[in-house]
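Remarks on the structure that follows.
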Amino acid sequence: MGLDMYLTARLGIYASLYEGHAELQKAIRALLDDAGVTDGAMPPGTGGEWSDIGEVKGVDLRAAYWCKANAIHGWFVANVQGGEDECKEHGVSREQLSELRDLCQGILDMPHGHARDIHAAAVLPPTSGFFFGNTEIGEGYYADLTDTVKHLDAALKLPDSWDFYYQSSW
């Protein structure tokens with residue numbers, strides 16, 4: 001229980017069809033075939049048509065998950081969510097993700113010590129809240145920054161056709 005944070009990478013099916021993601025198209029078709037969905041029909045025994053319930057619109061990948069990384073959450077609230085912390089999904093640009101990644105790496109690259117802690121508190125302060133975890137700048141804080149750099153490095157390697165979304169819950 002507490003602050004859970006998710007970065008989702010999303011590829012719209014229509015984008016994949018028009019941008020030549022042949023492997024994705026094959027994988028989606030295989031999943032639908034395995035479910036018995038062919039020619040718009042639902043699997044046997046479901047009593048309806050596929051069009052009655054909707055269509056596959058995209059593929060979501062969990063690009064990052066954090067638990068109680070409250071400084072990272074605070075950055076998203078301030079820089080992506082317009083200061084409103086309401087647990088809704090918000091689009092995040094690649095530029096914003098790069099900015100966060102560079103901010104975290106810049107702090108990690110500083111020599112260990114009191115000056116680094118003071119700088120970290122000034123540029124990426126911990127955020128307190130309901131079950132948000134420890135707000136001290138210490139080992140856990142720097143582990144969150146390290147994880148963030150790792151996750152964002154991987155996410156930013158995805159092709160430009162992928163969009164990103166941040167959401168938290170507690």
Side-chain angles (χ1 to χ4, degrees), residues 1-19 21 23-32 34-35 53-109 120-170:
M1 184 173 175
L3 175 63
D4 291 309
M5 306 149 53
Y6 308 90
L7 180 67
T8 300
R10 180 170 298 145
L11 177 66
I13 292 300
Y14 298 112
S16 72
L17 294 175
Y18 293 111
E19 294 177 15
H21 293 273
E23 293 304 312
L24 178 60
Q25 293 172 44
K26 288 178 191 175
I28 291 168
R29 183 72 256 161
L31 289 171
L32 294 174
D34 286 347
I53 62 166
E55 60 185 319
V56 178
K57 291 190 172 207
V59 175
D60 284 359
L61 299 175
R62 181 172 294 161
Y65 168 76
W66 302 265
C67 182
K68 299 182 182 179
N70 56 62
I72 304 302
H73 175 67
W75 186 91
F76 277 107
V77 171
N79 294 280
V80 173
Q81 298 177 205
E84 294 188 40
D85 191 1
E86 78 291 66
C87 295
K88 294 180 182 176
E89 186 177 79
H90 291 270
V92 185
S93 71
R94 286 176 177 274
E95 292 78 18
Q96 289 170 314
L97 293 177
S98 293
E99 179 184 333
L100 175 58
R101 185 248 177 251
D102 293 347
L103 180 64
C104 293
Q105 189 62 60
I107 294 168
L108 292 169
D109 287 346
V123 299
L124 193 60
T127 303
S128 61
F130 186 66
F131 291 116
F132 275 29
N134 190 342
T135 56
E136 294 179 13
I137 305 255
E139 189 176 314
Y141 174 91
Y142 291 111
D144 290 340
L145 299 189
T146 301
D147 287 345
T148 299
V149 169
K150 179 183 76 168
H151 293 312
L152 296 183
D153 278 345
L156 290 167
K157 289 179 183 174
L158 288 169
D160 288 342
S161 52
W162 290 83
D163 296 317
F164 295 99
Y165 300 87
Y166 174 77
Q167 184 168 6
S168 63
S169 68
W170 58 89

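Only this structure's heavy atoms are used, side chains among them; waters, hydrogens and symmetry mates stay out.
Closest non-hydrogen pair, Val123 versus Ile107, comes out as CG2-CD1, 3.6 Å. Between Gly2 and Lys68, the closest heavy-atom pair is CA-CE, 3.9 Å. The shortest heavy-atom contact between Leu158 and Arg94 is O-NH2, 3.0 Å. Minimum interatomic distance between Gln81 and Glu86 (heavy atoms only, all atoms of both residues): NE2-OE1, 3.4 Å. Nearest heavy-atom pair across Ala9 and Phe164 is CB-CE2, 3.7 Å. Annotation for Ala69 and Asp144: closest pair CA-OD2, 3.3 Å, computed over non-hydrogen atoms.
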Self-check item: Audit row: Thr8, Asp163, side-chain contact (heavy atoms from CB on, under 4.5 Å) steps and yes/no
Solution: CA-CA 8 Å; Thr8 300; Asp163 296 317; over 6 Å; no

Quiz item: What do the steps show when you test Asn70 against Ser128 for side-chain contact (heavy atoms from CB on, under 4.5 Å), and what is the final call?
Solution: CA-CA 7 Å; Asn70 56 62; Ser128 61; over 6 Å; no

Quiz item: After noting the C-alpha distance and the side-chain angles of Leu100 and Val92, does the key distance pass the side-chain contact (heavy atoms from CB on, under 4.5 Å) rule?
Solution: CA-CA 11 Å; Leu100 175 58; Val92 185; over 6 Å; no

Quiz item: Should Ser168 and Asp85 be marked as a side-chain contact (heavy atoms from CB on, under 4.5 Å) after you check the CA-CA gap, both sets of side-chain angles, and the distance that decides it?
Solution: CA-CA 9 Å; Ser168 63; Asp85 191 1; 4.1 Å; yes

All N/O donor-acceptor pairs, side-chain side in residues 133-141, below 3.5 Å, sequence neighbours left out:
residue: Asn134; atom: OD1; partner: Glu136; partner atom: N; Å: 2.7
residue: Tyr141; atom: OH; partner: Ala120; partner atom: O; Å: 3.4
residue: Tyr141; atom: OH; partner: Leu124; partner atom: O; Å: 2.7

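Close placement of the His73 and Phe132 rings is indicated, their centers lying within 6.0 Å of each other.
Gln105 places no side-chain N or O within 3.5 Å of a backbone atom of Val149 that could act as its donor or acceptor partner. When atom types are taken as modelled, the side chain of Ser169 and the backbone of Cys87 share no donor-acceptor pair closer than 3.5 angstrom.
Taken from CD1 in Ile72 to CG in Asp147, the straight-line distance is 9.5 Å, to the nearest 0.5 Å. Considering CH2 of Trp162 and CZ of Arg10, their distance stands at 10.5 Å, rounded to 0.5 Å. Taking OG of Ser98 as the start and CG of Asp153 as the end, the distance is 9.0 Å to the nearest 0.5 Å. The structure places OH of Tyr166 at 10.5 Å from CH2 of Trp75, a figure rounded to the nearest 0.5 Å.
In this view, His151 satisfies the side-chain hydrogen bond (donor to acceptor under 3.5 Å, both in side chains) rule with no residue, not counting sequence neighbours. Residues meeting the ring-ring contact (aromatic ring centres under 6.0 Å, His included) test with Tyr142, sequence neighbours left out: none.
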